[in-house]
Asks: 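Have a look at this one.
Here is how names work: the chains are called A, B, and so on, in the same order as the sequence lines, proteins then strands, and each is numbered from 1.
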There are 2 protein chains.
Amino acid sequence: MQPSQLSETWLNTLQNQGYRLTAPLKAIVEILAGSTRALSPVDLYDLGRKSTPGMGLVTVYRALEKLEESGLIQRVHQSEGCHMFIRSANGHEHLLLCQSCGKTVFFEGDDLGDLFKRVSEKYEFNIQEHWLQLYGLCAECYLNKDGQKKNI
Amino acid sequence: MQPSQLSETWLNTLQNQGYRLTAPLKAIVEILAGSTRALSPVDLYDLGRKSTPGMGLVTVYRALEKLEESGLIQRVHQSEGCHMFIRSANGHEHLLLCQSCGKTVFFEGDDLGDLFKRVSEKYEFNIQEHWLQLYGLCAECYLNKDGQKKNI
DNA sequence: GTAACTGCAAACGCTTTGCACCAAG
DNA sequence: CTTGGTGCAAAGCGTTTGCAGTTAC
């Protein structure tokens, strides 16, 4: 799906949930639906103010709440903190993150069923959720390894 | 390894790193090395003050910093927040958490190599770290499913 | 028209820092 | 004796809340 299509879909979803489509919300949806990197509230505030200058940081937090509650975005957990957001995984997708430039890719991790079965039997747990993330360096950052982080 | 043995090992490690073995640090090590549940700084403060009454919350934070830096404990990430700590995984262990009572178990998840290989080739990423957690209900909580959470 | 949303300012809670005193080595 | 650790109080920072005005529907 193209980013613009995706943001249309998100806006429809939000509207169907009873939320009003305001300028700040549209700006934030546009950014998040089109981003291949996880973004923090302040990132969204800075980017959002380019198209919607008066927007406040509080509005970003409130939009993130709606988007997360509607299942459209998810929090990204990293060792340095858990303050970043990206579109939600579909189905059995999992996140792969570049530790240098922040690029993210979703991959299919479909073959964990056996592991779950073994673990749930061995430890007598009813497994309800799982969570897999991979961290590494993307091709570009691996080749240009120079110790300095790139900007978004 | 028995909990008391484990805390001896941790204290040796910490001493070898140049840290001094003080009463509050010993108390915190004892608690964390013996716990099968993830604990928050305030949990540690409350538990620690039973054996070391004057201990301050700041000291807990400073001890956690040392323990995390030494690789003895790790942060536990959950949807509600990432403020809990537990002993570090050894080798290829991963965490399995009960969403009701908070009990945690480490399991071996050794067969992810193939997945990493496929993903790293397909997306041209050099994978350096991975992270897998399972969430569910332990046998006891699953049987007593009554909607209410139990205390530690 | 009315309820949800907005931006601002203030409050909040968790975590870190500055400091004078204390104790491990 | 030295220097890292301690508890306290205050500061810091990301996030949430209260509120009066605004806007989507």
Side-chain angles (χ1 to χ4, degrees), chain A residues 8 10-31 38-70 73-85, chain B residues 8 10-32 38-70 72-85:
Chain A
E8 286 303 313
W10 287 17
L11 291 173
N12 284 334
T13 304
L14 290 165
Q15 193 159 41
N16 291 339
Q17 309 236 332
Y19 295 122
R20 293 184 181 173
L21 304 186
T22 63
L25 183 60
K26 283 180 191 165
I28 291 164
V29 163
E30 184 99 3
I31 295 163
L39 299 169
S40 70
V42 173
D43 292 339
L44 287 162
Y45 175 73
D46 292 338
L47 293 169
R49 284 174 76 90
K50 290 181 183 170
S51 67
T52 313
M55 194 174 72
L57 183 56
V58 178
T59 303
V60 174
Y61 279 101
R62 290 194 268 230
L64 288 171
E65 206 178 309
K66 289 167 192 164
L67 287 161
E68 196 174 17
E69 191 159 302
S70 303
I73 61 169
Q74 66 179 63
R75 204 173 274 271
V76 176
H77 296 255
Q78 294 180 274
S79 48
E80 318 83 67
C82 309
H83 312 287
M84 314 271 270
F85 295 84
Chain B
E8 285 304 313
W10 287 17
L11 291 173
N12 283 334
T13 302
L14 290 166
Q15 192 159 44
N16 292 339
Q17 310 235 333
Y19 296 121
R20 292 183 183 174
L21 304 186
T22 65
L25 183 61
K26 283 181 192 166
I28 292 164
V29 163
E30 184 98 4
I31 296 163
L32 277 166
L39 299 170
S40 70
V42 173
D43 291 338
L44 287 163
Y45 175 73
D46 292 338
L47 292 168
R49 284 174 76 89
K50 290 180 183 170
S51 67
T52 313
M55 194 173 71
L57 182 55
V58 178
T59 302
V60 174
Y61 279 101
R62 290 195 267 229
L64 287 171
E65 206 178 308
K66 288 167 193 165
L67 287 161
E68 196 174 18
E69 192 160 302
S70 304
L72 299 170
I73 62 169
Q74 65 179 64
R75 206 174 271 272
V76 176
H77 296 253
Q78 294 179 273
S79 47
E80 318 84 66
C82 310
H83 311 286
M84 314 270 271
F85 295 84

Asks: Would you kindly compare Tyr19(B) and Met55(A) by the position of their nearest DNA chain C nucleotide and give the one closer to the 5′ end?
Replies: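 Taking each residue's closest nucleotide, the earlier one in sequence belongs to Met55(A).
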Asks: Would you mind classifying the nucleic acid contact of Gln15(B) as base, sugar-phosphate or nothing, using non-hydrogen atoms under 4.0 angstrom?
Replies: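 Contact class for Gln15(B): sugar-phosphate only.
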Asks: Categorize Lys26(A) for me: base, sugar-phosphate, or nothing, with a 4.0 angstrom heavy-atom threshold over every strand shown.
Replies: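 No contact.
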Asks: What's the CG-C1' distance between Asp43(A) and dG14(D), to the nearest Å?
Replies: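 Asp43(A) atom CG is separated from dG14(D) atom C1' by 14 Å.
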Asks: Where each residue is assigned the nucleotide of DNA chain C containing its nearest heavy atom, which of Tyr45(A) and Lys66(A) is assigned the position nearer the 5′ end?
Replies: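 Taking each residue's closest nucleotide, the earlier one in sequence belongs to Lys66(A).
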Asks: Of the nucleotides dT15(C), dT2(C), dT15(D), which one has an atom closest to the side chain of Arg20(A)?
Replies: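 Out of dT15(C), dT2(C), dT15(D), the nucleotide with an atom closest to Arg20(A)'s side chain is dT2(C).
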Asks: Just how far, in rounded Å, is P of dG25(C) from CG of Leu11(B)?
Replies: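 From Leu11(B) CG to dG25(C) P: 10 Å.
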Asks: Taking the side chain of Val58(B) as heavy atoms from C-beta outward, which of dT6(C), dC14(C), dC8(D) is closest to it?
Replies: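 The answer is dC8(D), which lies nearest to the side chain.
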Asks: Whole Å only: how far is the CD atom of Glu68(B) from the C1' atom of dT16(C)?
Replies: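 The answer, rounded to whole Å, is 15 Å.
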Asks: Among the nucleotides dC14(C), dT15(D), dG5(D), which one has an atom lying closest to any side-chain atom of Pro41(A)?
Replies: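 Closest nucleotide to the Pro41(A) side chain: dT15(D).
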Asks: Counting just side-chain N and O atoms, does Thr22(B) come under 4.0 Å of either OP1 or OP2 of dA24(C)?
Replies: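 Negative; the distance criterion is not met.
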Asks: For Leu21(A) and dT22(D), what is the distance between atoms CG and P respectively, to the nearest whole Å?
Replies: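 The answer, rounded to whole Å, is 22 Å.
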Asks: Side chains of Val60(B) and Val42(B): does their closest heavy-atom pair fall under 4.5 Å?
Replies: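 Side chain of Val60(B) against side chain of Val42(B), heavy atoms only: no contact under 4.5 Å found.
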Asks: If you check every side-chain atom of Pro24(B), which of dT6(D), dA3(C), dC8(D) has the closest atom?
Replies: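 Shortest atom-to-atom distance from the side chain points to dT6(D).
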Asks: How many whole angstroms separate atom CZ of Arg62(B) from atom P of dG18(C)?
Replies: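 That distance rounds to 11 Å.
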Asks: Taking only the side-chain heavy atoms of Leu57(B) (C-beta and beyond), determine which of dT15(C), dT6(C), dG25(C) contains the nearest atom.
Replies: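 For the Leu57(B) side chain, the nearest candidate turns out to be dT15(C).
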Asks: Is the phosphate of dG13(C) approached by His83(B) (side-chain N or O, under 4.0 Å from OP1 or OP2)?
Replies: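 It does not, given that no N or O in the side chain of His83(B) lies less than 4.0 Å from OP1 or OP2 of dG13(C).
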Asks: For residues Asp43(B) and Ser40(B), is any side-chain donor paired with an opposing acceptor at under 3.5 Å?
Replies: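 Present: a donor and an acceptor within the cut-off.
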